[in-house]
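Note that the numbering runs from 1 along the sequence shown for the chain.
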Amino acid sequence: MGKVYTFPTKKKTNPYQEAAYSANTALLRELMETLILTYEDKIKELEGYKEEIKRLDGLSFKSPKEVSREVKKLNQRFLNYGITCNYFKFYTKQNQEILYYNDTNSIYVIKNNKVEEARKITVGEFIGEFEGYPFSLTIDAEILRIFDNQMSKLNTTIDTLKNTRI
């Protein structure tokens, strides 16, 4: 007796062969690649901002009027970077620390790092009392950590997008 051979009804697929993708899938891949490139550009931009802020550390001013003017410019610059800086810290002669709060134009004078003995003065008193004193701006390390945190989040997002299979 002879054996009858039957042809398979289903076509065998090669497991190593790429599956056919739709136009929507290709578009999604392109969008993800564009998003990754955008995030990488944003990281480079944040690194540039961070370096610029590092250069501001130690910036010197000759008078309290100049400090008042520059605080407004610095605040606008920080807003352009996408962060808010509640106060700026300056040092002047005799180890006096000046905290200049942006939103309320409040100025606190701290001598010898004794925060509990800080005294609050107005802008007019500040200009009158510290006329002729030089000032140097001190950038708080927390501001630089904000940029590091934003860059870290973007790197995590980029890694997630790169490892996502469509």
Side-chain angles (χ1 to χ4, degrees), residues 7-92 96-110 113 115 118 120 123 126 134-166:
F7 290 97
T9 56
K10 292 184 180 179
K11 181 179 178 185
K12 288 186 179 182
T13 58
N14 183 355
Y16 302 106
Q17 183 180 8
E18 283 235 6
Y21 290 105
S22 67
N24 289 339
T25 306
L27 180 63
L28 186 58
R29 278 187 176 174
E30 289 176 16
L31 287 174
M32 281 182 58
E33 289 171 7
T34 304
L35 193 58
I36 289 170
L37 291 174
T38 303
Y39 286 157
E40 288 172 346
D41 288 343
K42 183 65 177 175
I43 288 172
K44 289 176 186 171
E45 185 178 304
L46 288 172
E47 287 171 349
Y49 291 159
K50 183 179 172 184
E51 289 303 314
E52 189 174 335
I53 287 175
K54 281 182 183 178
R55 284 192 298 271
L56 291 175
D57 194 19
L59 193 63
S60 61
F61 304 100
K62 296 177 183 171
S63 71
K65 288 180 183 179
E66 187 179 359
V67 168
S68 297
R69 278 193 309 268
E70 289 300 318
V71 162
K72 290 179 180 75
K73 290 179 186 176
L74 288 170
N75 194 33
Q76 186 60 41
R77 179 182 280 176
F78 277 72
L79 288 176
N80 290 340
Y81 296 158
I83 63 171
T84 57
C85 188
N86 294 333
Y87 67 90
F88 292 102
K89 187 187 300 185
F90 298 91
Y91 283 97
T92 189
Q96 293 186 52
E97 184 178 329
I98 310 293
L99 296 180
Y100 196 116
Y101 285 86
N102 300 325
D103 51 351
T104 59
N105 283 336
S106 301
I107 300 170
Y108 291 89
V109 178
I110 303 168
N113 292 328
V115 178
K120 182 179 177 181
V123 176
F126 173 63
F135 296 91
S136 63
L137 174 66
T138 303
I139 299 296
D140 197 9
E142 187 63 33
I143 293 172
L144 300 177
R145 276 188 237 130
I146 290 171
F147 286 108
D148 289 337
N149 189 22
Q150 288 178 349
M151 288 186 282
S152 175
K153 287 179 181 178
L154 287 172
N155 279 324
T156 303
T157 304
I158 288 171
D159 289 341
T160 303
L161 288 173
K162 285 181 178 178
N163 293 324
T164 301
R165 293 184 69 191
I166 299 177

Begin from the C-alpha positions of Ser106 and Tyr87 and carry the test side chain to side chain contact (heavy atoms under 4.5 Å, CB included) through to its verdict. CA-CA 9 Å; Ser106 301; Tyr87 67 90; over 6 Å; no
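In this structure, OG1 in Thr157 is found 13.0 Å from NZ in Lys42, a value given to the nearest 0.5 Å. Distance check: Leu161 CG to Met32 CE gives 5.0 Å after rounding to the nearest 0.5 Å. In this structure, the separation between NZ on Lys162 and CD on Glu33 is 10.5 Å, given to the nearest 0.5 Å. Taking CG of Leu56 as the start and CZ of Arg77 as the end, the distance is 5.0 Å to the nearest 0.5 Å. In this structure, Ile98 CD1 and Gln96 CD are separated by 6.0 Å, a value rounded to the nearest 0.5 Å. Taken from CD in Glu51 to CG in Leu144, the straight-line distance is 9.0 Å, to the nearest 0.5 Å.
The shortest heavy-atom contact between Gly58 and Ser136 is O-CB, 4.3 Å. Listed here is the closest heavy atom pair of Val123 and Ile107: CA-CD1, 3.9 Å. What you find for Ile43 and Met151 is that their closest heavy atoms are O-SD, 3.9 Å. Nearest heavy-atom pair across Leu137 and Phe61 is CB-CE1, 4.0 Å.
A salt bridge does not link Glu47 to Lys44: none of the charged side-chain nitrogens sits closer than 4.0 Å to a carboxylate oxygen. The pair Arg69-Glu66 does not count as a salt bridge, with every side-chain nitrogen at least 4.0 angstrom from each carboxylate oxygen.
Other residues, nucleotides and ligands contribute over 12 non-hydrogen atoms within 6.0 Å of the OH atom of Tyr49.
Glu40 has its side chain within reach of Ile36: a pair of non-hydrogen atoms, C-beta onward, lies under 4.5 Å apart. For the pair Asn149/Lys153, a side-chain contact is recorded, criterion being any heavy-atom separation below 4.5 Å from C-beta on. The shortest side-chain heavy-atom distance between Ile53 and Lys50 does not fall under the 4.5 Å cut-off. Considering only heavy atoms from C-beta on, Leu74 stays 4.5 Å or farther from Cys85 through its side chain. Contact of the Glu70 side chain with the Lys73 side chain is registered, since non-hydrogen atoms from C-beta on lie closer than 4.5 Å.
The backbone N or O of Asp148 lies less than 3.5 Å from no partner atom in the side chain of Ser152, so there is not a single donor-acceptor pair. Although no hydrogens or angles enter the test, the distance criterion places a donor-acceptor pair under 3.5 Å between the side chain of Thr92 and the main chain of Pro134.
Here the two rings, on Phe135 and Phe126, have centers that are under 6.0 Å apart.
Ring geometry for Tyr101 against Tyr108 counts as perpendicular: the plane angle is over 60°, on a 0 to 90° scale with 30° as the lower cut.
With Phe78 as reference, Ile143 is the one residue of Ile146, Thr84, Ile143 to meet the side-chain contact (heavy atoms from CB on, under 4.5 Å) rule.
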